[in-house]
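Protein chains get the first letters and strands the later ones, always in sequence-line order, with residue 1 at the start of each.
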Amino acid sequence: MPTTFSYDFKTEVYTKKLEFPTGVFINNEFTEGGSKTTIDVIDPRTGQVITQVDEATPADVERAVAAARKAFETTWGLNCPGVERGKLLYKLAEKMEEHFDDLAAVESLDNGKTFSWAKNADLNAAISCIRYYAGWADKNHGQTIETSEAKLAYTRHEPKGVCGQIIAWNFPLMLMAWKLGPALATGCSVVLKPSEWTPLTALMMASYIKEVGFPPGVVNILIGYGHTVGQRIAEHPDIDKISFTGSTLVGRKIQEAAAKSNLKDVTLELGGKSPNIVFDDADLEQAVSWSSHGIFWNHGQACCAGSRIFVQAGIYDRFLEEFTKKAAAIKLGDPFERDAYQGPQVSQIQYDRIMDYIASGKSQGATVHLGGERHGTEGFWIQPTIFTDTKPDMRIVREEIFGPVGVVIKFTDEEDVIRQANDTEYGLASAVFSRDIDRALKVAHRLQAGTAWVNCVNTLNASIPFGGFKQSGIGRELGEYALHSYTNVKAVHVNLGLKM
Amino acid sequence: MASFVELAIPRLNTKVKVSTGLFINNEFVPSVGGADPITVYNPATEQVLCSVTGASEADVDKAVVAARNAFRTTWGKNVTGFERSRLINKLADLMERDAEILAQLECLNNGKPFKIARDFDIGDSVACLRYYAGWADKIVGQSIEIDRRTKTAVTHPDPIGVCGQIIPWNYPIMMWAWKVAPALAVGCTIVMKPSEITPLTALKLSELVVEAGFPPGVINTIPSLGSIGGAALAAHKDVDKVAFTGSTVTGRKIMEAAAKSNLKKVSLELGGKSPHIVFESADLDQAANWAALGILYNTGQDCTAGSRVYVQDTVYDKFIDILKGKAAQLAIGDGFDEKTGGGPVVSKGQYDRIWGYIEAGKKEGAKVILGGEKRSTPGWYVDPTIFTDISPNMKIVRFVNCIVQIFGPVLSVGRFSTEEEAIKLANDTTYGLGAGLHSNDQAQCHRVSSALEAGTVWINQYNLLYNNVPFGGKKQSGIGRELGSHALEEYISTKAVHWNYGEKLDWPL
């Protein structure tokens, strides 16, 4: 019998008993996995097991790919008009709205982010993303191209085919929406591997996908390990395209596996060590608020987190003082406490990794200006942490920590800070704070990052593209640009008169 | 004081309630005076259905003020694309919910068969709204490289502003959807003048606009005579754009008034005298089906009606026989009768006009092989009528083919021998809306479709339109395009912003 999630939420902000199937989801059915084993889902507040979900294996990947291929060739792909695909996506968005609080509660339980953030950020973003792509489904136009009257030339924008999608655990539902939206809008079918650390909202979506009427095989959801299921997807000869969000380390493996197998198309959304530059003439209060949001939102577990905060000398002391106050005032607590801002980090492994970075910061000689310790005695809370007096070669300055740990660096010269900001193998995002619009734009334009925020940070929109320069990724998600990742362009040349 | 009527729906034993006031600022209000009420008829019975408030010039002013206020405060740049998308989708949902009621009203007032109104007119209109809802948060401009070190240029696709929209009586609901959807998607506000012959569904749809949650003033509905409300909108100094579907004669007046007032932007969907060419390699049975559809759908009251069929002489007699049989199969009658495939023509005015052409044709010696006889029973009915053996020097040909659009189920069938001749005959008109051709020769299909001077060319089909494919006229059939992404352009006014962040100007130069 496949597993089921059954949980009685009794909190001050959400009270409900929820139940839904958590089997391996292929062809619109939930089953046990090939090895009949399960994966434990851990509560980051306690380290205890919440529930078990069925483990998918490489054999299940085979089944899923076969199902996705069949659907693509019969009920989906070129056989389903865009207008119909759009309708299904709109219905899915409506289903998500219907279950808004349920999804937020489960996301919060599984990931550790607060219920309030799950609602305000994750759910709103996920739903608007699905709605946005629903609208694109019948608008992926090709072109007619004039050459001569003897030739009719046009391009068809066809779906790529069966797409493997592997997502991270920091925004489980939102990342799922970012992936499903453009893939389904263009007519691709999907084999999706959510993170085995945070599988629950994806499994709720599986039920909704079936309920609103997506044909069987169009979306298949497998909860399994990266080195088994993820690896099999990356090297599968009958998957046409893979899209991955996660660490740069794993991103390389995926691209390698794709190259060694069938040269499948690869999109990667990887890590970042994004610079956040605050000039003397910035609006101090706003710069402090945004900078705090930049590194402490989602407990620092954001690929685009503004984790290197460069502050110009003239404003440094005042900025540091205010920023520290802001960070110190962050309320850590149970995600279901009404006024909690920060919950636990997602897992033991992440907790250990972050604490290891903090230790390295201390041992390499940086100053712990704030925090630097565990919060509480149970679960994975880490205090909002600020390091100062760093050197450019320190691990905490160069490597992605993925926790509530900000590094504040003093600078004087504009040219030098641009150089420092760009001195990284990453290039996901960047931010500039200045009231001098000329300077802000000039600097923003010179930062080597896929997103440049001016007087803001960490704000995204379904219609604006997002992705990395350099080793932060390949390709773009969101906006019209995401459609390109799932589209195969076919040029048709019709000879109307040229004789050989 | 809210005024409304309750209209009895024949055969269905039900009633539909319709507000009969002017719809301004999300309320139905009386006229401030100055125009007669509008009498609304049932074309199947010739009886009066009700009367609705007619808008005067002063009412149009009020509506424009409401639309301008909304544009400045709750709509235009003050609302996100995401929110516009949500509202337009909601409106589509409500239309779908009320499809039966809307179809009943459409059938009662316009005469078209109830099932066709529900499944096609309304079905397509709902899809049209959803299509444009999907565009609302995807209206993008460009960022353009000048000199990356010092400047950037961006274009903003600003909504034009307050749009006057004037629609005809042949597809009241669908023409309403084609106009409001792209305008709302871009962020414009609307003063809509439905046809005085068929105002009822526009008024009913206005109720749904409120229910969907659009802010007051975003859409306003002001039934009135063209010479009053239409003229007022076209000449209004505070209307930024007028979009009109109707006759070429009126289209000219609108463009003239726009030029003389404030040079408002103009888009026009006008008449057509669309040619339908049947080559000898065509599947004749299929071609006859499409030709019948082309002239008989909506009882010929379609701007793209394929009212001139040209058949290659090698297959002429055979085709005529088949076509006559197809046309005779169409049952024209009361729209609420299940068996009816086509309804009456919409008004006494149209009825008299069409019969005038038929009588003129007969008098001048054109041969009638089907129809051509008036009924003796009530209702403004015209049965399918086919004239044949048309040749270019007959008076009826020049009169009928090149100047006048009959707008009824009246077909003239001519013959040709060569492809060049067919193209010449087809293009010999000041119109250029639609054209169709039937052929199994791929190269011929491309050559001929390329040569036909029409905004829409159908190959081996006719009449079928899709919300994502643009539609509009060449030559005197119109200006601009509806449907597809092109329609959005009609409601966008591009602003280029040149942002200098690095160039210092030396002075004097």
Checklist entry - Which members of residues 125-141 of chain B, sorted by number, sit under 4.5 angstrom from chain A on a heavy-atom basis? => result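 Near chain A, by residue number: Arg130(B), Tyr131(B), Ala133(B), Gly134(B), Trp135(B), Asp137(B), Lys138(B).
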Checklist entry - Can you pull out the residues in residues 438-455 of chain B with any heavy atom less than 4.5 Å from chain A? => result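 Gln442(B), Ala443(B), His446(B), Ser450(B) fall under the 4.5 Å cut-off.
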Item to check | Value rounded to 0.5 Å, distance of SG in Cys188(B) from CD in Glu490(B) | outcome: 11.0 Å
Checklist entry - Taking the six-membered ring for Trp, are His293(A) and Trp290(A) parallel (under 30°), tilted (30 to 60°) or perpendicular (over 60°)? => result perpendicular
Before accepting this row, confirm whether a basic side-chain N of the pair [X]/[Y] lies closer than 4.0 Å to the acidic partner's carboxylate O.
| X | Y | result |
| --- | --- | --- |
| Lys424(B) | Glu421(B) | no |
| Arg435(A) | Asp281(A) | no |
| Glu97(A) | Arg131(A) | yes |
| Lys90(B) | Asp93(B) | no |

Item to check | Any side-chain donor near an acceptor of the partner, Lys151(A) and His493(A), under 3.5 Å | outcome: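 Distance-only check passes for Lys151(A) and His493(A).
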Checklist entry - Hey, are Ser430(A) and Asn276(A) close enough side-chain-wise for a donor-acceptor pair under 3.5 Å? => result no
Item to check | Inter-chain contacts: residues 85-95 of chain A against chain B, heavy atoms under 4.5 Å | outcome: Lys87(A), Tyr90(A), Glu94(A)
Next on the checklist: For residues 436-454 of chain A, give me every residue with a non-hydrogen atom less than 4.5 Å from any non-hydrogen atom of chain B.
Outcome noted: Ile437(A), Asp438(A), Leu441(A), Lys442(A), His445(A)
Heavy-atom side-chain proximity of [X] to [Y] below 4.5 angstrom:
| X | Y | answer |
| --- | --- | --- |
| Lys151(B) | His498(B) | no |
| Leu208(B) | Leu102(B) | yes |
| Cys304(A) | Phe466(A) | yes |
| Tyr486(A) | Pro159(A) | no |
| Lys495(B) | Thr155(B) | no |

Ring centres under 6.0 angstrom apart ([X], [Y]):
| X | Y | result |
| --- | --- | --- |
| Phe471(B) | Trp178(B) | yes |
| Trp178(A) | Phe171(A) | no |
| Phe214(B) | Trp75(B) | yes |

Next on the checklist: Does any backbone or side-chain atom of Asn89(B) lie under 4.5 Å from a heavy atom of chain A? Answer side chain, backbone, both or neither.
Outcome noted: side chain
Item to check | Atom group of Asn461(A) that falls short of 4.5 Å from chain B, counting heavy atoms | outcome: neither
Checklist entry - For Leu87(B) and Ala212(B), which heavy atoms make the closest approach, and how far apart are they? => result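 In terms of heavy atoms, the two residues are closest at CD2-O, 3.4 Å.
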Checklist entry - Hey, which of Ala150(A), Gly479(A), Ser128(A) has the most heavy atom pairs under 4.5 Å with chain B? => result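 Among Ala150(A), Gly479(A), Ser128(A), the one with the most close pairs to chain B is Ser128(A).
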Item to check | side chain to side chain contact (heavy atoms under 4.5 Å, CB included), paired with Phe214(A), selected from Val190(A), Thr75(A), Leu180(A), Ile209(A) | outcome: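 Of the listed residues Val190(A), Thr75(A), Leu180(A), Ile209(A), the side chain to side chain contact (heavy atoms under 4.5 Å, CB included) partner of Phe214(A) is Ile209(A).
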